[in-house]
Asker: 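Below you'll find the structure I mean.
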Protein chains: 2
Amino acid sequence: MDRSSPVPLYYQLSQQLEAAIEQGRLAPGSLLGNEIDLAARLGLSRPTVRQAIQSLVDKGLLVRRRGVGTQVLHSQVRRPLELSSLYDDLEAAGQHPATRVLHHATEPATARVAAALGVPEGSEVLFVERLRLAHGEPMAHLRNHLPVGLIDADPARLEETGLYRLIRAAGITLHSARQTVGARAATPEEGARLAEPEGAPLLTMERTTYDDTGRAVEFGSHVYRASRYSFEFQLLVRP
Amino acid sequence: MDRSSPVPLYYQLSQQLEAAIEQGRLAPGSLLGNEIDLAARLGLSRPTVRQAIQSLVDKGLLVRRRGVGTQVLHSQVRRPLELSSLYDDLEAAGQHPATRVLHHATEPATARVAAALGVPEGSEVLFVERLRLAHGEPMAHLRNHLPVGLIDADPARLEETGLYRLIRAAGITLHSARQTVGARAATPEEGARLAEPEGAPLLTMERTTYDDTGRAVEFGSHVYRASRYSFEFQLLVRP
DNA sequence: GAGTGGTCTAGACCACCGC
DNA sequence: CGGTGGTCTAGACCACTCT
C-alpha cells in the first residue's frame, strides 16, 4: 500500500487482489480471510478493505457469504461484457482490422433515426457508412448516424480507427447502450458487399449509445457475416 | 425511513429514490441535492445515503459528477440486461409460452458438453430437448445439458415452466453466464421443426450458466427463428 | 472561493452460518 | 457458540468544478 500515491487505497488493494487471483496466487475456491484481520494487517480501515472487495465482487471475481467468508470464484467465470467496438474486438483478436468509408455526409434524419437519437425528424444528422475488413476480407457493413458536430468525423480518421475511439477522443463519456441482435437473409446487394451469396444468413445489430447525460450519441445499424462473426458476452446476475 | 423494519435503510432510500425517478417526481436531468443535506434531512449518516445513491448509479439511473452533483439520467437509458430466460421473456411480452419436451434422458457427455460443464468426458449428464411455442407457433428449439441430480427435471414440470425457474427452485444461486450469439441457415430438419423453409436464417445462442461457486449448472444450445425473435439488451459502460 | 462528490477512519451492533 | 459479512454512525480531509 502506497499512501503517497494519488491512486486510492481501495483501488490499489483491489488491483493487487485481482492480480493475485489472475496469477493463481489466490486459488479458486479459497477463502480470502476475514475483513477485519485483512484491514489490520494492511493498516487500513475495514470500510476501505470492504470497498476493495466489493469492487471485485461487482466484477464477478469474488463471492461473499455471510457467516462463511469471501471466496475466490472458480476461474471459468470471468469478466462481464463491456461496450465493445468491432474494431477493438478484431484488433484484440489479432485480425488486423481495416475500414473503408463508403459514404460520409450530413442528411435529414428519418423518423427512425430521429427517434433513436432524440432529434427532430428531418433535422440534419451525420451519416457514416463503412465496410469493416479483417485480413482484407469483408466482415461487416456498418451504418451509423450521429448528431452533427459531435465528433470530428474526418474520413481519413475513420479509416484509421474505430468510431468509438473518435467519440471518446471528443471528450464524451459513454454510459450505456441499448442493443438488438437478430438475423436475416442477405439481399443481393448485401451479398455483393460482404462476399456472401444471396440468402446467406447475416447477423444484424442495432445499437443506440448514450453518454452520461442520457443524450444519444450514436445510432448504428450493422450487418455481420454470420459465417465470420458471432457475439460473445458474459452476464452477471444481479444479486 | 422506517428504522424498525428489517429492510436496510440504504435500501429503503434507494427504493424511494427509484420510485420517484420512475414516476417522474425526480425529473430527468435534475440534481438530487447534495449528500450531506440529504443525510441530515433524513436523519441518516452520509455513508448510508451514499450507499443508496451508489446502488442507483450501478443500476444506471443516476450519474455522479464531482464538483457538480448527482443527476437523474434522461429516461431513455434504462436498466441493464439481466440473465433472462426465453420463457420469462415470452411471458412478460404476453405471448403465452408453452413447452413441448421432445427428449429427456441421461446420456454420456460429449467432449464439448464435458468441457462446458467441467465434468469428465463420457460421464452421465442430463439432456433435455424442448420446443418452445408462443401462441401455438414454434419459436425456438432448445437443447440443454445439466449435471445429473441438480434439478428435479420431471418432464411435466418442464412443460409448465422454464428451466431457470427449476434451477432456482432447486436452491441454486445463479451468478453469471457466458453466451455466444450467432446465425446460420436452417437445415431441413431444423426447418421442419420450426416451420421455416430450409436455408432460412436462424439465430443461435450457446450459453453456459454458473452458480455462485463457479460450478457450471447448465449448458444450452438454442436455435431461434430469426423471423420471430431477436435479442435485446442494455449494456452499462464500466467507469 | 464555495460547493460538490471521493476517500478514509475507528469504532459499533446485528444477522447469518457452521460447529 | 464463535466467526463471518451486513449495516450504520459521525466525523475528517481532499480533488474537482463552476463562477
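The analysis underlying the following values was restricted to heavy atoms, covering all of them including side chains, and did not include hydrogens, waters or symmetry mates. Lettering follows sequence order; numbering is per chain, from 1.
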Asker: What heavy-atom pair brings B/Ser221 and B/Glu206 nearest, and what distance separates the two atoms?
Answerer: OG-OE2, 3.6 Å

Asker: Starting at atom CG of A/Leu42, determine the distance to atom P of C/dA10, rounded to an integer number of angstrom.
Answerer: 14 Å

Asker: Between A/Asp37 and A/Arg41, is the closest basic N to carboxylate O distance under 4.0 Å?
Answerer: no

Asker: Looking at the side chain of B/Arg64, which of C/dT9, C/dG6, C/dT7 is the nearest nucleotide?
Answerer: C/dG6

Asker: A/Arg66 CZ to C/dG18 P: how many Å, rounded?
Answerer: 13 Å

Asker: So, is B/Arg3 near the phosphate of C/dC13, with a side-chain N or O under 4.0 Å from OP1 or OP2?
Answerer: no

Asker: Is the shortest side-chain N to carboxylate O distance from A/Glu35 to A/Arg64 below 4.0 Å?
Answerer: yes

Asker: Does B/Thr48 place a side-chain N or O at less than 4.0 Å from the phosphate oxygens OP1/OP2 of D/dT7?
Answerer: no

Asker: Would you mind telling me which residue lines up with the more 5' stretch of DNA chain C, A/Tyr11 or B/Gly69, judged by nearest nucleotide?
Answerer: B/Gly69

Asker: Would you say A/Gln12's side chain and A/Asp2's backbone share a donor-acceptor pair under 3.5 angstrom?
Answerer: yes

Asker: Should B/Val63 and B/Val57 be marked as a side-chain contact (heavy atoms from CB on, under 4.5 Å) after you check the CA-CA gap, both sets of side-chain angles, and the distance that decides it?
Answerer: CA-CA 6 Å; B/Val63 193; B/Val57 171; over 6 Å; no

Asker: Is there a side-chain polar atom (N or O) of B/Thr70 under 4.0 Å from OP1 or OP2 of C/dG5?
Answerer: yes

Asker: Rounding to a whole Å, what distance do you find between B/Asp37:CG and C/dT4:C1'?
Answerer: 11 Å

Asker: Mind listing the closest non-hydrogen atom pair of B/Pro147 and B/Ala216 along with its distance?
Answerer: CG-O, 3.7 Å

Asker: Kindly say if A/Arg65 contacts the phosphate of C/dC16, meaning a side-chain N or O under 4.0 Å from OP1 or OP2.
Answerer: no

Asker: Is there a side-chain polar atom (N or O) of A/Tyr10 under 4.0 Å from OP1 or OP2 of C/dT7?
Answerer: yes

Asker: Spell out yes or no: do the side chain of A/Arg46 and the base of D/dG6 have one donor N/O and one acceptor N/O closer than 3.5 Å?
Answerer: yes

Asker: Could you state the atom-to-atom distance from CG of A/Leu38 to C1' of D/dG3 in whole Å?
Answerer: 16 Å

Asker: Please report, rounded to the nearest Å, how far the P atom of C/dG5 is from the CG atom of A/Asp212.
Answerer: 15 Å

Asker: Which part of the nucleic acid, if any, lies within contact of B/Ile36, taking any heavy atom under 4.0 Å across all strands shown: a base, the sugar-phosphate backbone alone, or nothing?
Answerer: nothing

Asker: Could you give the CG-to-P distance, from A/Leu31 to C/dC17, as a whole number of Å?
Answerer: 15 Å

Asker: Considering every strand and a 4.0 Å limit on heavy-atom distances, what is the contact class for A/Pro8: base, sugar-phosphate, or nothing?
Answerer: sugar-phosphate

Asker: Should A/Arg50 be listed as having a side-chain N or O under 4.0 Å from OP1 or OP2 of D/dT4?
Answerer: no

Asker: Is the distance from OP1 or OP2 of D/dG3 to the nearest side-chain N or O of A/Asn34 less than 4.0 Å?
Answerer: no

Asker: When the distance from CD of A/Glu35 to P of C/dT9 is rounded to whole Å, what number comes out?
Answerer: 14 Å

Asker: What would the secondary structure line of DNA chain C be in dot-bracket form, counting Watson-Crick and G-U wobble pairs under 3.5 Å, with [ ] for pairs that cross earlier ones and | for pairs with another strand?
Answerer: ||||||||||||||||||.

Asker: Could you label the plane-to-plane angle of the A/His103 and A/Phe127 rings as parallel, tilted or perpendicular, counting under 30° as parallel and over 60° as perpendicular?
Answerer: tilted

Asker: Can you identify which nucleotide, out of D/dT4, C/dA10, C/dC8, has its nearest atom closest to the A/Pro47 side chain?
Answerer: C/dA10

Asker: Could you state the CG-C1' distance from B/Leu9 to C/dA15, rounded to the nearest angstrom?
Answerer: 15 Å

Asker: Using every non-hydrogen atom in the two residues, find where A/Ile151 and A/Leu146 come nearest and quote the distance to one decimal.
Answerer: CD1-CD2, 4.0 Å

